[in-house]
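Heads up, the thing below is written out as structure tokens.
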Amino acid sequence: MTTVSPTPTPTPTASTPTPTAAPVPATVPVAPGPAPQSAMRLREIVFGAAIAAAVRAAARLGVADALGDSPATAAELAAAVGAEPQPLHRLLRALSCYGVFAQTEDGRFLHTDMSRMLREDDPHSLRYISLWCTEPWTWQAWPRLDDAVRSGGSVFQELYGKGFFDYLHQDAHESAHVFNQAMTTSSTQSALDVAELLDLTAVRVVADIGGGQGHVLASLLEKHPDVRGVLLDLPGVAAKADPRLREGGPLAGRTRIVPGDCREAIPVEADMYIIKNILEWDDDSTCRTLRNVIAAARPGARVVVIENLVDDTPSMKFTTAMDLMLLLNVGGAKHTRDSLVSRMSQAGLELREIRPVNAYLHAFECTVPG
Ligand SMILES: C[S@@+](CC[C@H](N)C(=O)[O-])C[C@H]1O[C@@H](n2cnc3c(N)ncnc32)[C@H](O)[C@@H]1O
């Protein structure tokens with residue numbers, strides 16, 4: 001049984017000329033208006049929240065997990081995920097317009113590359129990234145973007161009475177879990193690339209500062225059996241470090257986990273410090289973190305900063321959107337190549353080399369002077 005409903009006839013509106021409008025005489029000059037594609041594109045863009053919400057809803061309902069390799073009707077999927085068939089049909093129809101799921105001619109739904117990535121078990125799953133980018137706090141913060149642009153700072157304190165990470169770990173446990181899972185996804189996918197790139201010759205101890213659950217560190221320790229590792233992150237995150245690094249895990253004997261705030265102090269001696277995807281907050285925090293690394297490190301120690309850039313990247317739509325989200329939540333910014341280089345040299349690091357890690361990350365290799 002198909003649940004496809006007939007396409008409704010559009011109702012003419014003030015901005016939609018009716019097909020019966022009188023033709024314009026050829027002699028009357030007509031001011032060139034915007035191309036119709038541009039008008040429709042802008043309409044689609046301003047409904048971006050609807051499609052982001054639709055992806056979120058599909059991820060939360062588990063529709064992609066319920067759909068197998070064969071096409072299924074909305075009714076079958078609705079029964080599997082505990083939803084109403086008709087609204088689910090509408091949700092999947094909207095998503096299919098963007099290539100997240102596809103519809104067969106008889107109205108059943110099937111997977112596309114993108115919808116498969118909403119599955120939890122997909123090797124390239126973006127389920128938690130999709131949830132993270134659409135968490136409830138984002139829907140409170142986006143309408144305040146004009147305020148953030150006026151003031152140049154985060155709106156989080158005004159909205160929630162505290163800083164973003166305090167809010168996350170103290171008041172929004174589900175969001176904190178989603179954040180950790182999203183970070184796990186991105187770092188698992190990039191950890192192997194980082195391990196492949198970095199030469200650890202002569203490195204005995206490597207430290208990952210703000211290293212999340214430690215996927216980059218675990219990949220490095222797995223690749224280099226003689227190297228020891230230190231993971232430093234906020235206490236709530238460090239407590240949930242990758243099981244490979246924790247007591248009982250295969251790398252625990254070579255790992256020290258340090259709960260702490262890298263803006264306050266970095267009590268870690270290492271030959272190489274990795275700082276990946278954390279220098280995106282306000283300048284003061286960035287400066288303090290880099291200075292704390294320099295204070296902790298011996299002269300000649302290597303510091304590798306790894307970041308997405310808002311220039312020189314093929315993923316501009318994604319990184320510039322992340323850049324705006326960082327403005328809202330932590331008053332931060334994604335860097336350009338130059339802005340990152342200038343923060344590092346202001347802190348006193350000596351830049352040696354900039355290399356791409358993969359299609360969306362760059363590594364800035366520095367040394368501690370002295
Ligand atoms: C975007 S994640 C990056 C995680 C990891 N470096 C990676 O690339 O997978 C940012 C990390 O910085 C950590 N963080 C935020 N503020 C911190 C602070 N003040 N001290 C230490 N870590 C912090 C967060 O808990 C989170 O794990």
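Along the sequence shown, residues carry numbers from 1. Counting convention: from 1, in listed order, for ligands and their atoms alike.
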Is L232 close to ligand 1, meaning an N/O of one under 3.5 Å from an N/O of the other? no
Contact with ligand 1 for S186, non-hydrogen, under 4.0 angstrom: no
Within the side chain of N329, is there an N or O that forms a donor-acceptor pair under 3.5 Å with the backbone of F156? no
Judged on heavy-atom distance to atom 13 (C) of ligand 1, which of D233, T188, V194 sits nearest? D233
Please check whether W281 reaches ligand 1 - meaning an N/O of the residue sits under 3.5 Å from an N/O of the ligand, judged on distance alone. no
Sub-4.5 Å side-chain heavy-atom contact between R355 and L197: yes
Tell me whether C262 has any N or O atom under 3.5 angstrom from an N or O of ligand 1. yes
Q103 and S96: side chain donor to acceptor below 3.5 Å: no
Return a yes/no value for D261: is any of its N or O atoms, backbone included, closer than 3.5 angstrom to an N or O of ligand 1? yes
Could you tell me the residue and atom name of the protein heavy atom closest to atom 7 (C) of ligand 1, and the distance to it rounded to 0.1 Å? K276 NZ, 3.5 Å
Knowing that exactly one of F164, F165, W142, F179 qualifies, which makes a ring-ring contact (aromatic ring centres under 6.0 Å, His included) with W137? F164
May I ask you to list the atoms of ligand 1 that are less than 4.0 angstrom from any heavy atom of S187? 9 (O)
Classify the side-chain pair T367/R352 by whether it contains a donor and acceptor separated by less than 3.5 Å. yes
